[in-house]
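Computed from heavy atoms alone, side chains included, the values below leave out hydrogens, waters and symmetry copies. When a residue number appears, it is its place in the shown sequence, counting from 1.
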Amino acid sequence: MIELTDIAYVRSGAADLDTAVRFAVDVVGMELTAQEDGVAYLRADPRHHCLALVEGESGVISSGFTLRDEDALADAETELEKAGVTVARGDAAAARSRRVRDFLSFDDPFGNRIELVIDQVTLTAPVRYGREAGITEFGHLCLDAPDVREAYRFWNGHFNARVSDWIGDWACLMRIDPVHHKLAVFQGSQPGLCHINFQVGSLDDVMRNWHFLEANGVEIEMGPGRHPQSTAVFVYFKGPEGITYEYSWGVRLITDEDAWRPRYFDPAEIGSIDMWQGPTRRVHTQPQIRRPLGSTGK
Ligand SMILES: O=C/C=C/C(C(=O)O)=C(/O)C(=O)O
Ligand SMILES: [Fe+2]
């Protein structure tokens with residue numbers, strides 16, 4: 001069993017890097033930590049970055065998760081290979097570019113590129129947020145897959161990911177710690193990044209951000225609303241390069257593992273996605289860039 005200790009980052013290609021960075025800083029409110037060799041690093045909390053924008057082809061490159069230490073990384077490599085998953089170790093330059101000490105990468109059964117990392121760099125300086133959006137942390141990341149049940153068999157079969165709630169065969173929300181979900185898989189025809197979430201400090205922050213986004217002509221994909229699964233109040237919006245961002249506040253914590261029973265919500269039922277029954281438009285997925293394993297220099 002591979003124990004994911006946290007989410008680490010999303011790495012995404014940006015055909016127009018400057019525009020994508022400006023949006024991440026001026027609209028989303030992240031801090032631009034560094035920019036070098038065509039990679040812009042953005043952070044929302046003490047992690048060196050949780051979003052790396054890589055100049056080049058548009059699309060998601062990989063999603064990173066942390067493991068405890070190098071033994072855990074070696075064990076993960078063995079377990080995945082035994083299961084027939086092809087794994088590539090990152091080289092020193094690629095690890096440096098990710099601000100981790102070591103990592104390995106593989107594709108999930110649908111072609112989502114996953115990276116398992118150890119020793120992600122932490123920064124001590126207070127985050128200099130690009131604007132006062134009220135962000136408190138990188139909250140979760142959601143992938144797309146054509147078969148959500150099969151995706152769960154993969155994540156639960158090899159990793160410590162446990163379903164917190166199902167939304168039909170359309171979505172599986174998974175926890176790796178008490179937070180209701182830090183990883184989710186949504187039904188989609190192609191692998192890709194459904195969205196990246198930032199937690200904000202209050203309900204007021206969600207609503208202020210919604211007004212800010214509207215006033216600045218940003219496309220709202222869904223919300224404001226409240227998810228019955230995590231009870232979080234949310235707003236989803238569309239950024240450059242096809243990235244969907246989400247702010248949310250009030251995520252449920254599952255503190256009694258033994259007592260929790262995953263619920264089953266029918267996406268066809270009113271209120272199953274948004275308890276406030278707002279329009280439940282599908283958020284737009286950023287497609288996965290397909291590259292051979294190991295060609296992960298950037
Ligand atoms: O469509 C349902 C989404 C549910 C939640 C939630 O319960 O908070 C998400 O954040 C999500 O995965 O987008
Ligand atoms: Fe979400």
Side-chain angles (χ1 to χ4, degrees), residues 1-11 44-52 60-83 85-90 95 98-122 137-145 148 150-166 171-186 191 193-199 229-230 251-255 257 260 262 288 293 296:
M1 180 64 60
I2 303 167
E3 193 185 338
L4 306 173
T5 52
D6 209 344
I7 48 176
Y9 54 74
V10 165
R11 212 167 165 83
D45 55 30
R47 282 168 261 238
H48 176 274
H49 64 276
C50 60
L51 178 62
V60 61
I61 296 170
S62 60
S63 301
F65 295 83
T66 53
L67 301 187
R68 195 182 59 253
D69 57 21
E70 53 208 21
D71 289 344
L73 193 66
D75 290 348
E77 189 168 18
T78 306
E79 170 156 356
L80 289 167
E81 280 175 346
K82 256 194 212 152
V85 178
T86 306
V87 176
R89 278 278 179 152
R98 287 155 177 74
R99 295 301 195 276
V100 300
R101 201 156 61 83
D102 203 354
F103 76 103
L104 55 81
S105 40
F106 61 93
D107 289 342
D108 79 1
F110 309 98
N112 289 297
R113 177 68 46 89
I114 308 298
E115 295 177 347
L116 303 180
V117 314
I118 56 167
D119 296 327
Q120 181 180 30
V121 170
T122 293
E137 64 175 334
F138 173 31
H140 59 255
L141 63 89
C142 299
L143 304 174
D144 263 22
V148 169
E150 184 61 33
Y152 183 61
R153 277 191 283 280
F154 179 76
W155 285 104
N156 180 249
H158 297 298
F159 300 88
N160 57 327
R162 301 186 65 183
V163 61
S164 294
D165 285 311
W166 292 102
C172 174
L173 309 180
M174 291 172 267
R175 67 188 180 282
I176 55 174
D177 61 21
V179 175
H180 179 273
H181 59 285
K182 282 198 171 167
L183 165 67
V185 178
F186 283 75
L193 177 76
C194 176
H195 66 273
I196 174 172
N197 170 283
F198 296 97
Q199 301 288 304
Q229 293 78 28
S230 68
V251 67
R252 179 195 298 279
L253 297 181
I254 297 177
T255 49
E257 273 288 325
W260 183 259
Q288 173 74 46
L293 275 176
T296 48

Original post:
side chain to side chain contact (heavy atoms under 4.5 Å, CB included) between F154 and V85: does it pass, once the steps are laid out?
Top reply: CA-CA 11 Å; F154 179 76; V85 178; 4.3 Å; yes
Subject >> Distance (rounded to the nearest 0.5 Å) between D6 CG and R68 CZ >> reply: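 Result: 14.5 Å between the selected atoms.
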**OP:** Start with the C-alpha gap between L141 and L183, add the side-chain angles, then the distance that decides, and say whether side chain to side chain contact (heavy atoms under 4.5 Å, CB included) holds.
**Re:** CA-CA 5 Å; L141 63 89; L183 165 67; 4.1 Å; yes
Original post:
Hey, mind stepping through R113 and D108 against salt bridge (charged side-chain N to carboxylate O under 4.0 Å, His left out) and telling me if it holds?
Top reply: CA-CA 7 Å; R113 177 68 46 89; D108 79 1; over 6 Å; no
Original post:
Taking side chain as C-beta onward, heavy atoms only, is D119 less than 4.5 Å from D102?
Top reply: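 No, side chains not in contact.
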**OP:** For R252, check salt bridge (charged side-chain N to carboxylate O under 4.0 Å, His left out) against everything at least two apart and list the hits.
**Re:**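 Scan of R252 (salt bridge (charged side-chain N to carboxylate O under 4.0 Å, His left out), adjacent residues dropped) gives none.
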**OP:** Go through the steps to decide whether E257 and R175 satisfy the test salt bridge (charged side-chain N to carboxylate O under 4.0 Å, His left out), and finish with yes or no.
**Re:** CA-CA 10 Å; E257 273 288 325; R175 67 188 180 282; 2.7 Å; yes
Original post:
Looking at I114, I2, I176, which hits side-chain contact (heavy atoms from CB on, under 4.5 Å) with W155?
Top reply: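 For W155, the side-chain contact (heavy atoms from CB on, under 4.5 Å) test succeeds with only one of I114, I2, I176, which is I114.
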Subject >> Intermediate values then yes/no, side chain to side chain contact (heavy atoms under 4.5 Å, CB included), S63 and L143 >> reply: CA-CA 9 Å; S63 301; L143 304 174; 3.6 Å; yes
Subject >> Where at least one partner belongs to residues 70-79, residue pairs that pass salt bridge (Lys or Arg N to Asp or Glu O under 4.0 Å), sequence neighbours excluded >> reply: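 Applying salt bridge (Lys or Arg N to Asp or Glu O under 4.0 Å) to every pair that reaches into residues 70-79, excluding sequence neighbours, yields E70-R101, E77-R89.
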Subject >> Ring centers of H195, H140 separated by less than 6.0 Å >> reply: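 Between H195 and H140, the centre distance is under 6.0 Å.
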Subject >> Chi angles and distances behind the side chain to side chain contact (heavy atoms under 4.5 Å, CB included) call for V251, N197 >> reply: CA-CA 11 Å; V251 67; N197 170 283; over 6 Å; no
